[in-house]
Chemist: 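I'd like to ask some things about the structure below.
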Amino acid sequence: VRADRHRRRLQRPSQRPVDGARVAEVVAHQPLDALLRKHGRQPPARAVYFMAQVCGALTEAHAKGLVHRDLKPANIKLRPDGPGYLVKVLDFGLVKTEIQDGESRMTKDGMTTGTPAYMAPEIALGKETVDGRVDIYGLGCVAYFLLTGQLVFDEPTATAQALAHVQKDPAKPSTRTELSIPEALEGIILRCLAKDPADRPRSAQALAAELERADGIGRWTRENAVTWWQLHRPTADKIETPAEPNEKSQPSMSEVNLA
């Protein structure tokens, strides 16, 4: 019921897309992780194109006092719209209102909710109040995954993974892929993954502005999209929705006991 209420509060459509070209209808409503599993790591300009749309959705949510807290590729859906994609942020089941009576607590009996692979340190630590910067951290994890095809921390258990977000520094994305990642983009992603929320971009809107100004990324244009799809043209019988990355070795948990 709460998730439905939050969805009704978010009415803003994403920006008009340029991605997808003529084959967009084949991949209707596929999650972002399915795209990467099928086609591999994404070009930096395309990753930023997706990130910018997510920033737009988060900006509206945060303006209404809503924090998603479980941002991950499986909750980011690609929907064809005209010539390309709209990026939709879904699954508001863990959304909390930032400051409301009885709504600001993030923990319950030593348990913390969320997905360990994309969990901000303050959520893993069970902080009583959090703000939109936990979603900035989650988006940093998503961007890392898009560019490298790997999770920020690859740990054997969900608990170890959540603790890694608290205790370990992430490796630079460029060290975990042979593909080139612009230095400016790498710096922004690492700032999103800062342990201290104060060291991250202050808001989704500020993050979008940083991505817009960053050198060496370029824009993802209609021409880029057509070229990309010519190399990665899907077929309807091969489209599938995969499990969350590393699900077999890292059990999916809605609650992780860090006590």
Side-chain angles (χ1 to χ4, degrees), residues 19 31-55 58 71-74 76 78 87 115-121 124 133-156 160-204 206-221 223-225 227-228 231-232 242 244-246 249-250:
D19 202 78
L32 201 53
D33 58 341
L35 182 75
L36 190 141
R37 279 175 169 262
K38 184 171 179 61
H39 299 298
R41 291 155 291 192
Q42 299 297 293
R46 196 182 199 213
V48 170
Y49 165 78
F50 291 140
M51 290 176 68
Q53 292 198 60
V54 174
C55 283
L58 293 178
L71 195 65
K72 56 186 178 181
I76 299 172
L78 308 176
V87 173
T115 303
Y118 303 92
M119 186 177 287
R133 289 173 294 183
V134 301
D135 293 337
I136 300 298
Y137 188 95
L139 184 53
C141 293
V142 170
Y144 196 105
F145 179 58
L146 281 171
L147 292 169
T148 69
Q150 302 184 63
L151 300 175
V152 178
F153 299 111
D154 192 6
E155 302 293 338
Q161 197 166 54
L163 287 173
H165 286 287
V166 176
Q167 299 171 346
K168 296 184 178 182
D169 292 326
K172 291 183 177 180
S174 59
T175 66
R176 300 186 67 189
T177 177
E178 71 278 9
L179 302 180
S180 177
I181 298 176
E183 183 177 352
L185 176 58
E186 181 169 74
I188 291 172
I189 292 171
L190 291 175
R191 286 185 58 236
C192 290
L193 297 175
K195 305 300 184 192
D196 187 345
D199 293 331
R200 299 172 202 156
R202 66 182 184 277
S203 67
L207 173 56
E210 288 191 31
L211 292 170
E212 178 74 19
R213 294 192 304 266
D215 294 329
I217 299 174
R219 291 183 178 274
W220 187 253
T221 65
E223 290 73 22
N224 296 144
T227 300
W228 191 91
L231 296 173
H232 301 85
E244 189 69 15
N246 296 329
S249 61
Q250 300 173 50

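By convention here, the first residue in the shown sequence is residue 1.
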Chemist: Taking all atoms of both residues into account, what is the closest heavy-atom pair of Leu207 and Leu139, and its distance?
Modeler: CD2-CD2, 3.8 Å
Chemist: Working to the nearest 0.5 Å, report the span between NZ of Lys168 and CD of Glu155.
Modeler: 3.5 Å
Chemist: Would Arg41 and Glu178 satisfy side-chain contact (heavy atoms from CB on, under 4.5 Å), going step by step from the backbone distance to the final call?
Modeler: CA-CA 10 Å; Arg41 291 155 291 192; Glu178 71 278 9; 3.1 Å; yes
Chemist: Which side-chain N or O atoms in residues 180-188 pair as donor and acceptor under 3.5 Å with protein atoms at least two apart or in another chain?
Modeler:
| from | atom 1 | to | atom 2 | distance (Å) |
| --- | --- | --- | --- | --- |
| Glu186 | OE1 | Ser174 | OG | 3.3 |
| Glu186 | OE2 | Ser174 | N | 2.7 |
| Glu186 | OE2 | Ser174 | OG | 2.6 |

Chemist: Contact between Pro201 and Arg191 at the side-chain level, heavy atoms closer than 4.5 Å - yes or no?
Modeler: yes
Chemist: In the structure I gave you, are the side-chain heavy atoms of Tyr144 and Leu193 within less than 4.5 Å of one another anywhere?
Modeler: yes
Chemist: Between the side chain of Arg176 and the main-chain N/O of Val152, is any donor-acceptor distance below 3.5 Å?
Modeler: yes
Chemist: Could you tell me whether the side chains of Thr221 and Asn224 share a donor-acceptor contact shorter than 3.5 Å?
Modeler: yes
Chemist: If you define the side chain from C-beta out and look only at heavy atoms, does anything of Leu71 sit under 4.5 Å from Val54?
Modeler: yes
Chemist: Between Gln53 and Val87, is there a donor-acceptor pair closer than 3.5 Å when you use the side chain of the first and the backbone of the second?
Modeler: yes
Chemist: Show, in sequence, the C-alpha distance, side-chain angles and deciding distance for Leu32 and Gln42, and conclude whether the side-chain contact (heavy atoms from CB on, under 4.5 Å) test is met.
Modeler: CA-CA 11 Å; Leu32 201 53; Gln42 299 297 293; over 6 Å; no
Chemist: How close do Ala124 and Ala162 get, counting heavy atoms only, and between which atoms?
Modeler: CB-O, 3.7 Å
Chemist: Could you work out, with ring-ring contact (aromatic ring centres under 6.0 Å, His included) as the rule, every residue matching Tyr137, not counting sequence neighbours?
Modeler: His165
Chemist: With a 4.5 Å cut-off on side-chain heavy atoms, are Leu190 and Pro173 touching?
Modeler: yes
Chemist: Tell me, with the steps shown, if Glu212 and Arg219 meet side-chain contact (heavy atoms from CB on, under 4.5 Å).
Modeler: CA-CA 9 Å; Glu212 178 74 19; Arg219 291 183 178 274; 2.4 Å; yes
Chemist: Any idea which heavy atoms bring Ile189 and Gly140 closest together, and the distance?
Modeler: CG2-O, 3.8 Å
Chemist: Where do Leu36 and Phe145 land on the side-chain contact (heavy atoms from CB on, under 4.5 Å) test, with the steps shown first?
Modeler: CA-CA 9 Å; Leu36 190 141; Phe145 179 58; 3.9 Å; yes
Chemist: To the nearest 0.5 angstrom, please state how far the CZ atom of Arg46 sits from the CG atom of Leu147.
Modeler: 12.5 Å
Chemist: Exactly one of Asp135, Val142, Ile136 should register a side-chain contact (heavy atoms from CB on, under 4.5 Å) with Cys192. Which one does?
Modeler: Ile136
Chemist: Grab the two heavy atoms, one from Tyr118 and one from Leu151, that are nearest each other, plus how far apart they are.
Modeler: OH-CD2, 3.4 Å
Chemist: Taking atom NZ as the centre, does Lys172 end up with more than 12 heavy-atom neighbours from other residues, nucleotides or ligands that are less than 6.0 angstrom away?
Modeler: no
Chemist: Where is the tightest heavy-atom contact between Leu58 and Ala204, given as atom of each residue plus distance?
Modeler: CB-CB, 3.8 Å
Chemist: Do Lys195 and Asp169 have side chains that approach each other closer than 4.5 Å (heavy atoms only, starting at C-beta)?
Modeler: yes
Chemist: Say you draw a straight line from CZ of Phe50 to CD1 of Ile76; how long is it, rounded to the nearest 0.5 Å?
Modeler: 10.0 Å
Chemist: So, for Gly218 and Ala45, which heavy atoms are closest and what is the spacing to 0.1 Å?
Modeler: O-CB, 3.8 Å
Chemist: Counting N and O atoms only, with roles assigned by atom type, does the side chain of Thr177 sit under 3.5 Å from a partner on the main chain of Leu179, one being a donor and the other an acceptor?
Modeler: yes
